[in-house]
Amino acid sequence: MTTVVPDSDTLTRDALAVLQPTFVGTHQAPGWLLAQLDNGMTGVGLFGRNVVSTEQLAELTEQLREARPDVLVAIDEEGGDVTRLDVHGGSSVPGNHALGSVDDPDLTRAVAAEIGRRLAAGGVNVNWAPSADINSDPENPVIGVRSFGEEPGLVARHTVAYVEGLQSAGVAACVKHFPGHGNTNVDSHHALPTIDIDLDTLRGRELAPFQAAIAAGTRCVMSAHILVPALDPDRPGTLSPAVLTGLLRAPVAEGGLGFDGLIYTDAIEMRAVAETYGLDQGCVLAIAAGADALCIGGTPSDEAEVLRLRDALVTAVRTGRLPEERLHEAAERVRALGRWTTAERQRIARRPSAGPGGAEIGLIAARRAVRLTRPAGSDAFQPVTRPAHVAAFTPGANIAVGDETPWGPGTELTRLLPGTTTGDHSRTDAERLGPVELAAEVLAAAGERPLVAVVRDSHRHPWMAATLTALVAARPDTIVVEMGVPHAAPVGASHIATYGAARVCGQAAAEIIAGHQPG
């Protein structure tokens, strides 16, 4: 491919400015990345592969600031199941569904402020969070516990609280996934979901949390790679002028949401876009549609890719497929956010320290969220007082969550009840043995020990539900811990719902199982 030689430095710098690539590295930023930041690129995205500790992260982001003082350093630290700061040990704060189940906006605001504090300490100034999606489809494979809930008013008030808490720490919030990714049973990482609802339903349900977040001053909104035929029958939201310009940007008086902040795309290399349009064309179409910053997400970039995408944007301007003023407008919005984050960083640095104690809010929130349901006819729950066996049933990894992060109450139960054993079981095991045989294998491993069965969205995984049914039938004293979206509890078993799989959610469940009184 022949590299385009730009006619003007401004055009090239504008094209670089809208690109937000990711990279590999924990202690040293790649030389090419630092060079392109100096050349006009404005920001980067970080993932778990870039994080070892807060101190290490601060050193890494300081290298980026030496190349560009107003650099945007973004990450998707939702808390709960989707964590980058705690990718290797599990999140120290519960996620949205747990917070929504408590329904205390002040608690949500405090948790988000703690997330913001940790991000700011590591030099991160944009958080691709919170998820403002309404989990209206129980079969949704990608949102689930990442949503505050199913009711628009609840999701809206907690989205606002999260935005306020996060931005109080000087970190820009980015509410996602516009215009709402909750009503689908397809994961846009793999294919293009369709949200087939009418405009009245969309406005009354999906858009409510975004309207509230915009009114609360969210600095950013992230688009979704979803097709909403009521808005645009041909293009997914990220590439649709009708969705981004005609709805999100349009004035309220004209039926729009009146958002004037920064529009990020969801990861542009996801299959919902890249497999249909190609990465280069997807970038051009997204900017033309009204997006400002291109998240080149989960797959690490290299210099060749960044320069190729830069040149694709430059070529699109020169050939008339992308208005130069639209590209410049997008670049200016990105730069404006960089100025805002720089000013906020200075403001926070001058603010007197509130002192320690915020780190405890995660466990406090998880304890408030956890719910115990006793079997019908049972007056009391009998805590486990001797070593147990914990059988975890693990679904296939959600790409947004990843498969690196440990989950479940096993580690904490092993601490509270020394001698506790654990086992991990998957769909592959169920297909190899069959659910009944898998249950028999678990029962054999447990022996006479109390049995704790840990599941995640068991209503979405028939193999998991069937195995659970067989376990409870054989051992009615089984304690079931649901760490996904809870539905009907298994008949006859004690059931603990944590509303998410954060480390602190597992700890709160373990405390109930072992009869441990916190504090």
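- The line from CD1 of Ile214 to CD of Gln211 is 7.5 Å long, rounded to the nearest 0.5 Å.
- Remark: Glu269 CD to Glu275 CD distance equals 11.5 Å, nearest 0.5 Å.
- Checked by atom type and distance alone, the side chain of Asn50 never pairs as donor or acceptor with a backbone atom of Thr26 at under 3.5 Å.
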Walk me through it: do Val44 and Leu72 pass the test side chain to side chain contact (heavy atoms under 4.5 Å, CB included)?
CA-CA 6 Å; Val44 300; Leu72 296 176; over 6 Å; no

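- Salt bridge Arg84/Glu77: absent, no basic N to carboxylate O contact under 4.0 Å.
- For the atom pair Gln507 CD and Thr498 OG1, the distance stands at 12.5 Å (nearest 0.5 Å).
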Return a table of donor-acceptor pairs under 3.5 angstrom between the side chains of residues 380-391 and protein atoms on other chains or two or more places apart.
residue, atom, partner, partner atom, Å
Arg386, NH1, Glu448, O, 3.2
Arg386, NH2, Glu448, O, 3.1
His389, ND1, Thr421, OG1, 2.7

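- When all heavy atoms of Ala120 and Ala169 are compared, the closest pair comes out as CB-O, 3.9 Å.
- For residues 96-105, the salt bridge (Lys or Arg N to Asp or Glu O under 4.0 Å) pairs, not counting sequence neighbours, are Asp103-Arg157, Asp104-Arg368.
- Between Ile143 atom CD1 and His177 atom NE2 the span is 5.0 Å, to the nearest 0.5 Å.
- Here Asn96 pairs with nothing under the side-chain hydrogen bond (donor to acceptor under 3.5 Å, both in side chains) rule; sequence neighbours left out.
- A 4.5 Å side-chain heavy-atom check between Arg205 and Pro152 finds at least one atom pair inside the cut-off.
- In terms of modelled atom types and a separation under 3.5 Å, the side chain of Gln167 and the main chain of Gly170 share no donor-acceptor contact.
- Of all non-hydrogen atoms in Ser147 and Val155, the two that sit nearest each other are OG-CG2, 4.4 Å.
- No donor-acceptor pair under 3.5 Å is formed between the side chain of Ser91 and the backbone N or O of Arg503.
- Between Asp81 and Arg146, none of the side-chain N atoms (NZ, or NE/NH1/NH2) sits under 4.0 Å from a carboxylate O, so this pair counts as no salt bridge.
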When you look at Thr22 and Arg49, which way does the side-chain hydrogen bond (donor to acceptor under 3.5 Å, both in side chains) test go after all the steps?
CA-CA 10 Å; Thr22 63; Arg49 59 177 171 265; 3.1 Å; yes

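- Separating the CG atom in Leu166 from the CG atom in Asn127 is a distance of 5.0 Å, to the nearest 0.5 Å.
- Proximity of a side-chain donor or acceptor of Lys176 to a complementary backbone N or O of Ala132 within less than 3.5 Å is not detected.
- Counting only heavy atoms from C-beta outward, the side chains of Pro486 and His459 never approach each other to under 4.5 Å.
- Side-chain atoms of Asp198 come within 3.5 Å of backbone atoms of Thr201 as a donor-acceptor pair (strictly under, hydrogens ignored).
- Looking at heavy atoms from C-beta onward, Leu107 lies in side-chain contact with Ile361 at the 4.5 angstrom threshold.
- With contacts defined as side-chain heavy-atom distances shorter than 4.5 Å, the pair Val93/Leu99 does not qualify.
- Side-chain atoms of Thr265 come within 3.5 Å of backbone atoms of Cys295 as a donor-acceptor pair (strictly under, hydrogens ignored).
- Arg475 has its side chain within reach of Thr478: a pair of non-hydrogen atoms, C-beta onward, lies under 4.5 Å apart.
- Remark: His88 pairs with no residue by the ring-ring contact (aromatic ring centres under 6.0 Å, His included) rule, at least two apart or across chains.
- Nearest heavy atom pair, residue Leu247 against residue Phe178, reads CD2-CZ, 3.7 Å.
- Remark: Arg371 does not engage Glu482 in a salt bridge, criterion side-chain N to carboxylate O under 4.0 Å.
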Given Leu57 and Val124, is the side chain to side chain contact (heavy atoms under 4.5 Å, CB included) satisfied, shown in steps?
CA-CA 8 Å; Leu57 185 58; Val124 176; 4.0 Å; yes

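- With His495 contributing its side chain and Val480 its backbone, the two residues share no donor-acceptor pair below 3.5 Å.
- Minimum interatomic distance between Thr218 and Ala173 (heavy atoms only, all atoms of both residues): OG1-O, 3.3 Å.
- The salt bridge (charged side-chain N to carboxylate O under 4.0 Å, His left out) test applied to Glu305 returns no partner, not counting sequence neighbours.
- The shortest distance between side-chain heavy atoms of Ile496 and Val370 falls below 4.5 Å.
- Between Thr238 and Ser223, the shortest heavy-atom distance links the atoms OG1-OG, 2.7 Å.
- Figure legend: Arg456 and Trp407 shown as a cation-pi pair, the cationic atom lying under 6.0 angstrom from the six-membered ring centre and within 45 degrees of its axis.
- Ser240 pairs by the side chain to side chain contact (heavy atoms under 4.5 Å, CB included) definition with Asp232, Arg235, Ala242, Val243, not counting sequence neighbours.
- To the nearest 0.5 Å, the span separating CG on Asn125 from CD1 on Ile75 amounts to 11.0 Å.
- Sorted by first and then second residue, the salt bridge (Lys or Arg N to Asp or Glu O under 4.0 Å) pairs with a member in residues 215-229 form an empty list; sequence neighbours excluded.
- A search for ring-ring contact (aromatic ring centres under 6.0 Å, His included) contacts involving Phe259 returns nothing, not counting sequence neighbours.
- The closest side-chain heavy-atom distance from Leu451 to Asp477 is not below 4.5 Å.
- Not a single donor-acceptor pair under 3.5 Å links the side chain of Asp266 to the backbone N or O of His225.
- You'll find the side chain of Tyr499 stays beyond 4.5 Å of the side chain of Val145, heavy atoms only.
- Every residue was checked against the ring-ring contact (aromatic ring centres under 6.0 Å, His included) condition with Tyr162, not counting sequence neighbours, and none meets it.
- No donor-acceptor pair under 3.5 Å is formed between the side chain of Thr420 and the backbone N or O of Thr414.
- Ala430 meets the side chain to side chain contact (heavy atoms under 4.5 Å, CB included) test with Leu438, Trp463; sequence neighbours excluded.
- With sequence neighbours left out, the side chain to side chain contact (heavy atoms under 4.5 Å, CB included) criterion links Ala293 to Gln20, Leu262, Tyr264, Val334.
- Looking at Thr194, its side chain never comes within 3.5 Å of a backbone N or O of Asp196 through a donor-acceptor pair.
- Partners of Glu441 according to the side-chain hydrogen bond (donor to acceptor under 3.5 Å, both in side chains) rule, which considers only residues two or more places apart in sequence or in another chain, do not exist here.
- Checked for salt-bridge contact, Arg118 and Glu114 miss the test: no charged N lies under 4.0 Å from a carboxylate O.
- Between Glu78 and Thr83, the side chains place no donor N or O within less than 3.5 Å of an acceptor N or O (distance only, hydrogens not considered).
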